[in-house]
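Reading through the structure tokens given below for one structure.
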Amino acid sequence: MKTIALLSAPLLLSLGVAPAFAHDPSPASSVAAPVSQDRLRADVESLVGFGTRHTLSEQDSATRGIGAARRWAEAEFRRASEACGGCLTIVTPERMVSGNRIETPVRLVNVVAIQPGTERPDEVVIVQAHIDSRASDVMDWKSDAPGANDNASGTALVLEAARTLSQHDYPTTIVYAVLSGEEQGLYGGKLMADYAREQGWTVKAVLNNDIVGGSHGSDGKSDDAHVRVFSEALRSDSTDELRSAMRRNGGENDSPSRNLSRYIAGIASADTDDTLAVRQIYRADRMGRGGDQLPFQAMGYPAIRFSVAVEDYEHQHQDLRTEDGVTYGDTVEEMDFPYLAKVTRLNVETLAALAQAPMPPRVSAEAAVQTFTTVQWTPSEGATGYRIWRRRTDDAQWELLRETDGATHMVTLDGLRGDDWIVGVSARAGEAESPVAAAVPGGAFYPLDTSEGE
């Protein structure tokens with residue numbers, strides 16, 4: 001194992017080498033240029049046209065209900081595959097489900113398009129959204145429930161990502177997933193997470209898109225310049241032993257999902273073509289609510305949720321009606337399609353960056369009772385180099401310290417007192433770069449049962 005000693009940050013500055021701040025993988029935004037606002041609108045209108053997409057609605061109708069909607073989504077994936085010479089494999093995982101919001105067992109089906117990686121096909125990034133909709137009563141499967149923003153917007157985003165990215169090859173696999181059963185209890189997300197585990201995939205990241213097509217809130221506020229990215233703090237798959245180690249050594253703000261969120265924020269800040277910034281929300285989801293990223297987090301997979309900057313509760317989970325001059329219902333007229341296009345482009349850029357980059361390495365650090373920190377990491381397949389980062393424990397973003405070659409897997413940070421800093425490492429393949437994996441308990445981008453040293 002090759003080892004080098006790193007220059008301290010003050011010495012770097014004295015030499016005129018200023019450390020870089022705010023992890024910025026600098027992806028090429030040109031990959032997202034073909035994203036079409038018109039196609040996004042057409043997809044949302046098509047989905048709304050099925051009347052309701054409630055999970056308990058008709059499965060056999062050709063024009064109404066969840067069955068017609070998911071078959072339409074499958075047909076769109078197949079058209080995208082035809083356009084790239086058959087590059088997508090379409091699968092429809094299914095199971096019978098029942099629960100508090102499903103009184104009678106129902107057939108649940110996800111629609112999934114898989115774009116195999118050219119070098120590491122078992123290394124996977126997933127973009128997903130739920131296709132089902134609901135009215136005011138979550139058990140009402142008969143009333144119209146257009147679900148334009150919640151969540152035809154996310155479904156349209158996933159379809160557009162497939163059309164755009166399938167025109168390129170990537171070292172790792174991209175999975176485009178349209179999920180059912182979210183409103184009844186995250187059933188489609190659980191089915192998809194189980195499917196990922198059954199395939200033996202190494203899941204690098206999951207981007208869940210839920211309510212991503214509006215910029216106006218029910219309180220009159222508007223914000224089309226930000227998108228919220230929700231990320232968990234403590235890992236959902238934490239054990240008592242891991243939580244104890246975090247209390248001693250840190251890690252409560254460095255789950256893989258949290259560092260994935262920081263990575264996405266860096267991509268958004270590097271894109272000069274779009275006026276969309278990430279507002280990082282340091283919680284797994286909105287207060288008292290949830291989305292299909294949660295089943296992935298429960299299995300130890302890095303997963304985040306994209307959602308609008310301001311929610312409109314009058315046009316979400318509401319029957320179509322007018323009361324006291326207020327119009328209720330989740331309709332196309334309440335959406336902002338230029339905003340949806342911006343969120344779609346950010347997803348596409350993030351997917352492209354992740355699909356080109358190696359897996360983040362597993363990282364450990366030794367710093368107790370000494371004036372220096374030794375950082376060590378496992379090699380990442382396909383990596384040609386690594387970057388070492390530090391972050392003050394009360395800072396939001398990473399600060400770059402040094403780059404190394406692909407043969408180096410240990411460094412000594414002279415003068416870096418580990419009590420005051422979190423350190424991490426990202427893997428590079430050419431210009432492509434992974435998220436930073438932190439050298440803390442639970443910092444590895446792997447489920448705990450496959451993480452070395454956790």
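Sequential numbering from 1 along the given sequence is applied to the chain's residues. The structure displayed is predicted, hence computed values, not measured ones.
- Contact check for D194 versus M299: side-chain heavy atoms found under the 4.5 Å cut-off.
- The aromatic rings of Y301 and F296 sit tilted relative to each other, their planes meeting at an angle between 30° and 60°.
- Expressed to the nearest 0.5 Å, how far CZ of R235 lies from CZ of R243 amounts to 12.0 Å.
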Audit row: Q293, D285, side-chain hydrogen bond (donor to acceptor under 3.5 Å, both in side chains) steps and yes/no = CA-CA 9 Å; Q293 78 280 4; D285 210 305; 2.7 Å; yes

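- Although no hydrogens or angles enter the test, the distance criterion places a donor-acceptor pair under 3.5 Å between the side chain of D223 and the main chain of A225.
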request  = Report the C-alpha separation of R78 and E74 in whole Å, then their side-chain angles, then the decisive distance to 0.1 Å, and conclude whether the salt bridge (Lys or Arg N to Asp or Glu O under 4.0 Å) test is met.
outcome  = CA-CA 6 Å; R78 295 196 183 281; E74 180 180 351; 2.8 Å; yes

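- Proximity of a side-chain donor or acceptor of T202 to a complementary backbone N or O of E123 within less than 3.5 Å is not detected.
- Nearest heavy-atom pair, V278 versus A268, reported as atom, atom and distance to 0.1 Å: CG2-CB, 3.9 Å.
- L179 CG to R70 CZ: the interatomic distance, rounded to the nearest 0.5 Å, is 12.5 Å.
- For the residue pair D312 / N149, no side-chain donor-acceptor distance below 3.5 Å is found, with atom types taken as modelled.
- Pairs engaging residues 30-40 under the salt bridge (charged side-chain N to carboxylate O under 4.0 Å, His left out) rule: R39-E160 [sequence neighbours left out].
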request  = Before giving the answer on side-chain contact (heavy atoms from CB on, under 4.5 Å), spell out for M96 and R107 the whole-Å C-alpha distance, their side-chain angles and the decisive distance to 0.1 Å.
outcome  = CA-CA 5 Å; M96 296 297 293; R107 177 172 171 251; 3.8 Å; yes

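- Here the closest non-hydrogen pair linking V212 and N209 is CG1-OD1, 3.9 Å.
- Remark: side-chain polar atoms of Y282 are not paired, donor with acceptor, to backbone N or O of N253 under 3.5 angstrom.
- In this structure a side-chain-to-backbone donor-acceptor pair under 3.5 Å is missing from Q184 to T55.
- Formation of a donor-acceptor pair under 3.5 Å by the N151 side chain with backbone atoms of G147 is not found in this model.
- Heavy-atom minimum distance, E182 versus G291: OE2-CA, 3.7 Å.
- Between V97 and the options R95, R101, E94, a side-chain contact (heavy atoms from CB on, under 4.5 Å) holds for only R95.
- Looking only at distances, no side-chain donor or acceptor of S244 sits under 3.5 Å from a matching main-chain atom of D240.
- Judged purely by atom type and a 3.5 angstrom limit, N110 uses its side chain to pair as donor or acceptor with the backbone of S180.
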request  = In sequence, state the C-alpha distance, the side-chain angles, and the governing distance for Y187 and I102, and then conclude on side-chain contact (heavy atoms from CB on, under 4.5 Å).
outcome  = CA-CA 10 Å; Y187 289 99; I102 303 178; 3.6 Å; yes

Criterion side-chain hydrogen bond (donor to acceptor under 3.5 Å, both in side chains) on D405 and T408, from CA distance to verdict = CA-CA 6 Å; D405 58 31; T408 301; 2.8 Å; yes

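- Taking the charged nitrogens against the carboxylate oxygens, R163 and D43 do have a contact shorter than 4.0 Å, which makes a salt bridge.
- Residues H130 and R53 have side chains not in contact (no heavy-atom distance under 4.5 Å, counting atoms from C-beta outward).
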request  = Kindly indicate, with the supporting measurements, whether the criterion side-chain contact (heavy atoms from CB on, under 4.5 Å) is fulfilled by W421 and T373.
outcome  = CA-CA 10 Å; W421 299 90; T373 298; over 6 Å; no

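- Between the CD atom of Q376 and the OG atom of S364 there is a distance of 5.0 Å, given to the nearest 0.5 Å.
- Contact annotation: the side chain of R228 approaches that of E311 to within less than 4.5 Å [non-hydrogen atoms, C-beta and beyond].
- A distance-only check finds a donor-acceptor pair linking the side chain of S434 to the backbone of A427 [under 3.5 Å].
- K342 contributes a side-chain N or O that, together with a main-chain N or O of D224, makes up a donor-acceptor pair within less than 3.5 Å.
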inquiry  = Set out, in order, the CA-CA distance, both residues' side-chain angles and the distance that settles salt bridge (Lys or Arg N to Asp or Glu O under 4.0 Å) for E76 and R79, then state yes or no.
reply    = CA-CA 5 Å; E76 290 301 310; R79 273 190 278 274; 2.3 Å; yes

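- Atoms OG and CD1, on S307 and I211 in that order, are 5.0 Å from each other to the nearest 0.5 Å.
- Within 6.0 Å of atom CG in N100, 12 or fewer heavy atoms from other residues, nucleotides or ligands are found, so the atom counts as exposed in its surroundings.
- Between the side chains of S231 and R258, a donor-acceptor pair is found at a separation under 3.5 Å.
- Counting only heavy atoms from C-beta outward, the side chains of V175 and V112 approach each other to under 4.5 Å.
- For Y339 (side chain) and H226 (main-chain N/O), a donor-acceptor pair under 3.5 Å exists by modelled atom type.
- Going from atom CG of L40 over to atom CZ of F337 covers 8.0 Å, rounded to the nearest 0.5 Å.
- In this structure the side chain of R262 reaches within 4.5 angstrom of the side chain of D254, judged on heavy atoms.
- In this structure, the side-chain contact (heavy atoms from CB on, under 4.5 Å) partners of A113, at least two apart in sequence or on a different chain, are F77, L88, I90, Y176.
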task = Dump the intermediate steps for side-chain contact (heavy atoms from CB on, under 4.5 Å) on L351 and Q115, then the final yes or no.
result = CA-CA 12 Å; L351 290 163; Q115 181 178 340; over 6 Å; no

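- Nearest heavy-atom pair, S238 versus M246, reported as atom, atom and distance to 0.1 Å: OG-CE, 4.3 Å.
- With a 6.0 Å radius and a threshold of 12 heavy atoms from other residues, nucleotides or ligands, E366 has its CD atom at or below the threshold.
- N259 approaches A438 most closely through the heavy-atom pair ND2-CB, 3.9 Å.
- The OH atom of Y263 sits 7.0 Å away from the CD atom of E433 when rounded to the nearest 0.5 Å.
- M335 and S153 make their closest contact through CE-CB, 3.8 Å (heavy atoms, listed as atom of the first residue, atom of the second, distance).
- D210 places none of its side-chain heavy atoms less than 4.5 Å from the side chain of F230.
- Residues R134 and D330 are not paired through a salt bridge, judged by the lack of any N-O separation under 4.0 Å between the basic side chain and the carboxylate.
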request  = Could you give me the CA-CA distance, side-chain angles and deciding distance for D336 and H216, then say whether side-chain hydrogen bond (donor to acceptor under 3.5 Å, both in side chains) is met?
outcome  = CA-CA 8 Å; D336 181 341; H216 307 292; 4.6 Å; no

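- Within the 4.5 Å cutoff, the side chain of V124 has no heavy atoms near those of the Q199 side chain.
- Here the side chains of V91 and I114 are in contact, with some heavy-atom distance below 4.5 Å.
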